[in-house]
2 protein chains.
Amino acid sequence: MAAPGRGVTIADVAARAGVAASTVSYVLSGKRSISPDTARRVMEAVAELGYHPHAGARSLASRRSGVLAMMLPLRDGMHLPVLMQFASGAVTEARRQDQDVLLMTADEGPAGLARVAASAMVDGLILMDVEVRDPRVEALRRLGLPSVLIGFPADAEGLTCVDLDFTAAGQVCADYLVERGCRDIALLGASEAVYERRTGFAERVREGFLGRSGPGAAVWPCPDDPISVQRTVKELPAANPDLTGLAVHNEPAVGHVMHALADAGKRVGEDFHVVVIGPDEVAERVHPQLPSVLVPAETLAEIAVRHLMRKLDGLDVPAATLVEPQLTAR
Amino acid sequence: MAAPGRGVTIADVAARAGVAASTVSYVLSGKRSISPDTARRVMEAVAELGYHPHAGARSLASRRSGVLAMMLPLRDGMHLPVLMQFASGAVTEARRQDQDVLLMTADEGPAGLARVAASAMVDGLILMDVEVRDPRVEALRRLGLPSVLIGFPADAEGLTCVDLDFTAAGQVCADYLVERGCRDIALLGASEAVYERRTGFAERVREGFLGRSGPGAAVWPCPDDPISVQRTVKELPAANPDLTGLAVHNEPAVGHVMHALADAGKRVGEDFHVVVIGPDEVAERVHPQLPSVLVPAETLAEIAVRHLMRKLDGLDVPAATLVEPQLTAR
DNA sequence: CATCGTCATCGAAGCGCTTCGACGGCGGAG
DNA sequence: CTCCGCCGTCGAAGCGCTTCGATGACGATG
C-alpha cells in the first residue's frame with residue numbers, strides 16, 4: 001500500500017474480475033460488446049486496484065500514444081501571456097479528449113519533428129506562430145505526421161490551418177474608427193522585426209486595415225518601450241495633422257500610447273479614438289478603457305486540438321478555419 | 001521514401017550494419033563495450049535509415065520513458081510571462097538531457113499525478129507554484145514519483161525544493177532603499193488574493209523586507225489595475241508622510257506606479273526611490289529605469305530539471321536549493 | 001430435432017525494445 | 001603449448017498491452 005497503483009497490470013485486473021486480460025482491454029476500449037455484468041466487475045476491479053494502463057505498452061501495441069505535441073516558439077516580439085493561453089487552452093481541450101500534451105520549442109526545428117514522428121512519441125502535432133515561409137512546414141508535409149497549424153504559411157496546400165481572421169480584424173478596427181468620425185487614421189503595430197520576419201498575422205492586419213481606410217491612413221511599426229512609443233506618438237500629428245484615430249496592434253505598448261496621447265493633449269474617447277488588438281486585460285487596464293479586438297487564444301487552441309483529433313480518427317476537417325474577430329466596445 | 005524514418009526498427013538497423021539487434025541497442029545505450037568498428041557501422045546505419053527508437057517500446061522494456069512532467073498552474077494573479085519562462089527553461093534543459101516535457105495543468109490535481117505515475121508515462125515531475133499547503137504535495141509523497149518542487153510547501157520533509165531566496169530578495173530591496181537614505185519605506189505587493197492563498201514567495205518577500213526596515217515600514221497589497229494602483233499610491237503619503245522608498249513586487253503594476261508617483265510630484269531616483277522585484281523588461285520599460293531583483297525563472301527551471309535527472313539516476317541532491325537574489329542597479 | 005447465427009469471451013501472437021546469460025575467439029600467464 | 005579470463009557479440013526472454021481468430025453457449029430457424 002506504500003505505492004498504490006504501482007505495477008498494477010491488466011493481468012491483475014483480469015484476475016481480480018475473473019476474466020481474461022483481453023476482456024479487460026475490450027471493456028476499457030469498448031471495441032467489442034461485453035455483457036453488462038462483466039463490464040461492471042471489470043470496472044470495479046479497475047477502481048479497486050487503481051489501474052492505469054501502461055502508456056508505453058499501449059502505444060507499442062496500438063500505435064497510438066495518447067500524446068499530442070505542441071511546438072511553440074519563444075521569439076522576440078512574441079507576447080508571452082498569449083502563448084501561455086494557447087498552451088493552456090490546448091492542454092485543457094486535449095485532456096477533455098484523454099490526450100496529453102508534449103511541449104516542444106520551435107528551435108528544435110524540423111529535426112525535432114522528425115524525432116517525435118519517428119519515435120511514435122506523439123500522435124499528432126500543433127504548430128504555433130507559423131511564419132509565412134516556415135522550414136518546419138515542409139518537414140511536416142514530408143513526414144506525414146497529422147498536424148494542425150495555428151497561423152497560415154504562404155503555401156498551405158494540403159495543410160490544416162486555424163487562425164483568427166486578422167484581415168477582418170484590421171478591417172473591423174478601421175471601420176470602428178471611421179464610424180466614430182475619425183478623419184484620418186493610423187495603425188500602430190509591432191516592432192519592425194515582426195514584419196521583417198514576415199509573421200503572417202501582422203501583415204494581414206495591416207492589409208485589412210489599409211483596405212478600409214482612406215488615402216491618408218498609415219502604418220507605424222513601433223517597439224514597445226516607453227521611449228520609442230513616446231517618440232512615435234509625437235511623430236504622428238507631424239506626419240498627419242488630421243489624425244484622430246489610432247488602432248494599436250502591440251500589446252505591451254498600449255499603456256505607453258495612452259500616456260503619450262495624454263501628454264500630447266489628446267482626449268481619448270472624445271476628440272481622439274483608440275482601438276486595441278490584443279487581450280482584454282490590456283484594453284481594460286488603461287484609463288479610459290478601450291474598445292478592443294481579442295485574439296481568442298484559448299478558442300483557437302481548442303479548435304486546433306479538436307481538428308487534430310478528428311484527423312487522427314480519420315475524419316476530415318476544413319483545410320482553413322478563420323475565426324471571426326469580435327470588437328468589444330467599452 | 002515518401003516518409004523516411006517511418007517504421008524503421010532496430011532490426012532494420014541491425015540488418016544494415018550486419019549485427020544483432022541487441023548489439024545496436026548496446027551501441028546506442030553504451031551499456032556494454034563495443035568495438036569501435038562495429039559502433040561506427042551501426043551509427044552509419046542509424047544515420048542512413050534515420051532511425052529513432054520507438055518511444056513506447058523503449059519505455060516498456062526499460063521502464064524509462066524519457067519524459068518529464070511539468071505541472072504548472074494558471075491561477076489568478078500569476079504573471080504569465082514568468083510561467084512561460086519557467087516552461088521554456090525546463091524544456092530547454094530537458095532536451096539537453098535527451099528528455100521531453102509533458103505539460104500538465106494544476107487543476108488536474110492529485111488525480112493527474114496518480115494517472116501519469118501509474119501509467120509510467122513520465123519518469124519524474126516538476127511541480128510549480130507550490131502553495132504553503134498544497135494537496136498535490138501529499139499525493140506526491142504517497143506515489144513515490146521522483147519530483148522536484150519549485151517553491152516551498154509548509155512541510156518540505158523528504159521533498160526536493162528549489163526556489164529564489166525570496167526572503168533575501170525582500171532584504172536586498174529594503175537594504176537598497178535604506179542605503180539610498182530613504183527614511184521610511186514600504187512594500188507594494190500583489191493583490192490580497194495572492195497572500196490569502198498563502199503562496200509561499202509573497203510571504204517570504206514580506207518577511208525579508210520587514211526584517212530589514214525600520215518600525216515605520218509597511219506592506220501594501222495592491223491589485224494591478226491602474227485605478228487601484230493610483231489609489232494605493234495616493235494613500236501612501238497620507239499614511240506615512242516620511243515615506244521616500246518603495247519596493248514593488250507586482251510586475252504589471254510597475255508602470256502604473258511610476259505614473260502615479262509622477263502625478264504625486266515625486267521625482268524617482270532623486271527624492272524618492274523605487275526598486276522592483278520582477279523581470280528585467282518590466283524595470284527597463286519605465287522611465288527612469290529602475291533597479292530590480294530578477295526572478296530567475298529559467299535558472300530555477302534548469303536547476304529543477306538537473307536535480308530531477310540526478311534523482312532519476314539514483315544520485316542524491318540537496319533537499320533545499322535557494323538561489324541568491326541579484327540586485328541590478330540601473 | 002438438427003442447424004445456423006450471434007454474442008460474449010478466451011488464448012495467443014505480436015508490437016519494438018532492453019537485458020541477461022551464453023558463447024566463441026583472442027591474448028597473456030603458467 | 002595449454003588454460004583461463006576477458007572482450008565483443010549473439011539469441012532469447014520478456015516488458016504490458018491490443019487485436020485477431022477461435023470457441024462455447026444459447027436462442028432462433030427450418
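As a basis for the values below, the full set of heavy atoms in this structure was taken, side chains included, without hydrogen atoms, waters or symmetry mates. Proteins come first, then strands; the chains are lettered A, B, ... in the order of their sequence lines, and each starts at number 1.
- Residue pairs meeting the side-chain hydrogen bond (donor to acceptor under 3.5 Å, both in side chains) criterion with at least one partner in residues 11-25 of chain B, sequence neighbours excluded, are R16(B)-E48(B).
- Between the side chains of D107(A) and T105(A), a donor-acceptor pair is found at a separation under 3.5 Å.
- With values rounded to the nearest 0.5 angstrom, L102(A) atom CG is found 11.5 Å from M70(A) atom CE.
- Residue R58(B) contributes atom CZ, which lies 15 Å from atom P of dG16(C) at whole-angstrom precision.
- Taken residue by residue, residues 29-42 of chain A places heavy atoms nearer than 4.0 Å to DNA chain C at R32(A), S33(A), I34(A), S35(A), T38(A).
- Scanning for salt bridge (charged side-chain N to carboxylate O under 4.0 Å, His left out) contacts around D163(A) gives R204(A), with sequence neighbours left out.
- For R64(B) and dT19(C), the CZ to P distance is 11 Å, given to the nearest whole Å.
- With axes fitted over five pairs at each extremity, the angle between the ends of the helix from dC1(C)-dG30(D) to dG30(C)-dC1(D) is 50° (10° resolution).
- Taking D100(A) as the reference, R95(A), R115(B) meet the salt bridge (charged side-chain N to carboxylate O under 4.0 Å, His left out) condition, with sequence neighbours excluded.
- Residue-environment remark: CZ (R58(A)) stays at or below the threshold of 12 foreign heavy atoms within 6.0 Å.
- In this structure, CG in L149(A) is found 7.5 Å from OG1 in T160(A), a value given to the nearest 0.5 Å.
- Judged by distance alone, the side chain of R141(A) and the main-chain N or O of E157(A) form a donor-acceptor pair under 3.5 Å.
- We find that K311(A) and D123(A) are not joined by a salt bridge, their nearest charged nitrogen and carboxylate oxygen being 4.0 Å or further apart.
- The phosphate of dC10(D) (OP1 or OP2) has a side-chain N or O of T23(B) nearer than 4.0 angstrom.
- Between R40(A) and D37(A) there is a salt bridge, since at least one side-chain N of the basic residue sits less than 4.0 Å from a carboxylate O of the acidic one.
- The CG atom of D12(A) sits 10 Å away from the C1' atom of dG16(D) (whole-angstrom rounding).
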Nucleotide N/O of nucleotides 11-15 of chain C paired with protein N/O under 3.5 Å:
{"residue": "dG11(C)", "atom": "N7", "partner": "S22(A)", "partner atom": "OG", "Å": "3.4"}
{"residue": "dG11(C)", "atom": "O6", "partner": "S22(A)", "partner atom": "OG", "Å": "3.2"}
{"residue": "dC15(C)", "atom": "O3'", "partner": "R63(A)", "partner atom": "NH2", "Å": "2.9"}

